[in-house]
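Data block below; observations after.
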Amino acid sequence: MPDLLPEPAGEELLALVATLRASNARLREVIESRDAQLAAASAALEAAEARMAALSERVAEMERRLGKDSSTSSRPPSSDSPYQKKPRDRSLRGRSGRKPGKQPGAESSTLRQVADPDEIIVCAPADCGRCGADLGGAPVTGTQKLQEFEIVPPPPPRVTEYQVQGRACGRCGAVSAGQAPAWITGRAQYGPEAHARAANLASAQHIPVGRAAQLMGDMTGLRVSAGWMAGMRHKAAGKLDPFMDHVRRLLRQAGVLYADETPARAAGHLEYVHVACTGYLTAMHTGGRSAADIDAGAVLDGYDGTIVRDGYAGYRHLTDALHAWCGAHNLRDLRDLYTFDPDGQVWARSMADLLIHANAAATAARASGQPRLSGEQLAEISAWYRGAVAKGITDNQHRRSKTGKDGRRLARRFRDNQDMILRFATDLTVGFTSNQAERDVRPVKVQQRTSGGCWRTLDGLADFAIVQSYLSTAAKWGISKLDALRQLFTTGPWLPPAAAPP
């Protein structure tokens with residue numbers, strides 16, 4: 001058995017205790033230093049995680065913005081990238097079930113033969129294909145008619161000279177001068193048909209004035225200048241004051257109007273073109289985006305019908321009218337939210353399904369001649385609507401992400417504007433969307449794109465809006481744009497009747 005070490009005593013014990021205490025103090029200092037380092041590292045890690053979460057949310061938001069297209073925002077379809085494959089389920093409205101192309105029963109556009117061709121060429125056989133006998137006087141046993149439609153070169157312009165004569169009276173000797181027609185004001189000028197065709201190219205076909213002048217020469221034989229072509233739109237707009245006054249009066253009498261606005265760059269500044277329209281009337285004007293600019297169109301200010309519009313707040317001052325929120329805009333907002341977070345935004349899908357269901361019910365009711373939806377249908381729609389809103393607010397109540405905030409904001413918007421959003425279901429005279437207004441104002445963007453991306457002057461944009469109002473209204477009544485312009489430059493502007501077309 002090994003010998004045990006002797007226990008320290010006296011001063012040795014005191015020295016050992018002091019040594020242990022000093023060593024313990026050093027260990028405590030090391031532990032405290034390590035704890036401080038761990039705390040600093042933990043704080044740095046938490047800060048890094050917070051920054052990473054913020055950056056991840058920012059990246060997700062940027063991806064969401066870059067992923068927006070015409071199906072998830074108010075951007076026009078022309079802004080979609082032609083190089084990016086579009087998803088098959090671009091719309092929450094669902095598929096119509098119709099096959100692509102011409103639909104059964106639609107009017108055909110097949111080229112058909114005419115009964116009185118301008119020229120007939122007989123293609124007869126010269127001799128018999130079997131024995132070679134001459135067939136010059138042989139009887140005709142059958143004829144197959146084949147017709148070719150061809151364009152002939154334009155003839156030279158027809159020039160009419162008006163000789164204003166002066167004649168001396170044989171009785172008193174006074175000289176009297178004849179009178180030329182009122183529209184003949186210059187030594188050499190173009191006639192109404194030339195003006196109509198030029199205005200058609202410059203305003204209706206969205207062609208830049210330089211190319212329009214060249215096309216005018218190729219198609220009609222009139223070699224006009226680009227400057228003359230540029231002034232044709234202003235000349236047409238100057239004749240349309242009676243038309244615009246008449247259309248504004250008719251629009252104010254309509255029960256439902258569709259309104260929209262679109263930006264247009266003119267003279268280096270951003271301007272807006274506003275439209276108020278129905279299925280058979282169109283009135284556009286230019287200005288800013290304020291309430292006063294909206295009222296400058298002399299249609300919506302004081303109007304007491306129903307305005308179908310998007311969510312722009314500039315229309316809120318129109319308190320005399322009822323408002324309906326465009327269903328297509330709401331579906332795009334819901335799709336944008338649901339596509340980015342399908343698991344967390346189930347309510348958006350439910351709300352979109354409701355709007356589609358309600359629109360189908362309203363469409364069926366109109367087709368069957370019903371004045372309104374039944375009480376059971378409206379109760380179902382209202383209950384479904386409130387349930388989707390409640391779920392949207394509850395699911396996003398405590399979420400602090402950008403998507404959560406957007407979901408909460410959108411759900412509250414639906415909660416606060418139920419009457420406007422469901423106006424199409426409670427009043428069957430109101431359309432589901434404001435697509436009519438968007439279609440009417442779209443030529444502004446088309447003309448801007450074909451003309452270098454901007455308008456040189458604000459007056460040019462204003463003239464285009466006036467002329468386009470005239471052409472759009474005429475087209476809604478089945479009148480060709482060229483015929484409407486012919487009447488404008490001959491007898492004056494065509495005026496639509498007060499009653500809607502059948």
Check the pair Glu261 / Arg289 against salt bridge (Lys or Arg N to Asp or Glu O under 4.0 Å), numbers first and verdict last.
-> CA-CA 8 Å; Glu261 72 289 330; Arg289 213 179 178 202; 3.4 Å; yes

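The distance from the CD1 atom of Ile307 to the CG atom of Asp304 is 10.0 Å, given to the nearest 0.5 Å. Between atom CG of residue Leu322 and atom CZ of residue Arg423 there is a gap of 4.5 Å, rounded to the nearest 0.5 Å. Rounding to the nearest 0.5 angstrom, the gap separating the CG atom in Leu331 from the CD1 atom in Ile356 is 5.5 Å. Note: Ile151 CD1 to Met219 CE = 8.0 Å, rounded to the nearest 0.5 Å. To the nearest 0.5 Å, atoms CG (Leu422) and CG (Leu355) are separated by 7.0 Å.
A donor-acceptor contact shorter than 3.5 Å is absent between the side chain of His323 and the backbone of Ile421. Although no hydrogens or angles enter the test, the distance criterion places no donor-acceptor pair under 3.5 Å between the side chain of Gln447 and the main chain of Ser203. Judged by distance alone, the side chain of Arg197 and the main-chain N or O of Met216 form no donor-acceptor pair under 3.5 Å. A donor-acceptor contact shorter than 3.5 Å is absent between the side chain of His269 and the backbone of Arg265. Under the 3.5 Å distance criterion, the side-chain polar atoms of Lys481 are left unmatched by any main-chain donor or acceptor of Tyr470.
Counting heavy atoms from C-beta outward, Val273 and Leu461 have side chains that approach closer than 4.5 Å. Between Thr363 and Asn359 the shortest side-chain heavy-atom distance falls below 4.5 Å. Residues Ser451 and Arg456 form no side-chain contact, since every pair of their non-hydrogen atoms from C-beta on lies 4.5 Å or further apart.
With respect to the salt-bridge test (charged N to carboxylate O, under 4.0 angstrom), the residues Asp463 and Lys235 do not qualify. Ion pair Asp310/Arg332 not flagged as a salt bridge, since none of the NZ, NE, NH1 or NH2 atoms sits closer than 4.0 Å to an Asp/Glu carboxylate oxygen. A salt bridge links Arg486 to Glu193: one of the charged nitrogens lies within less than 4.0 Å of a carboxylate oxygen. A salt bridge is defined here as a Lys NZ or Arg NE, NH1 or NH2 lying under 4.0 Å from an Asp or Glu carboxylate O, and Asp218 with Arg223 meets this definition.
The shortest heavy-atom contact between Ala212 and Leu201 is O-CD1, 3.7 Å. Contact detail for Leu300 and Tyr315: the closest heavy-atom pair is CD1-CE2, 4.1 Å. Closest approach of Ala437 to Cys277, counting heavy atoms only: CA-SG, 3.6 Å.
Phe464 does not carry Arg233 over the face of its six-membered ring by the limits of under 6.0 Å from the centre and within 45° of the normal.
Taking the six-membered ring where tryptophan is involved, the planes of Trp183 and Tyr162 are perpendicular, since the angle between them exceeds 60° and thus also 30°.
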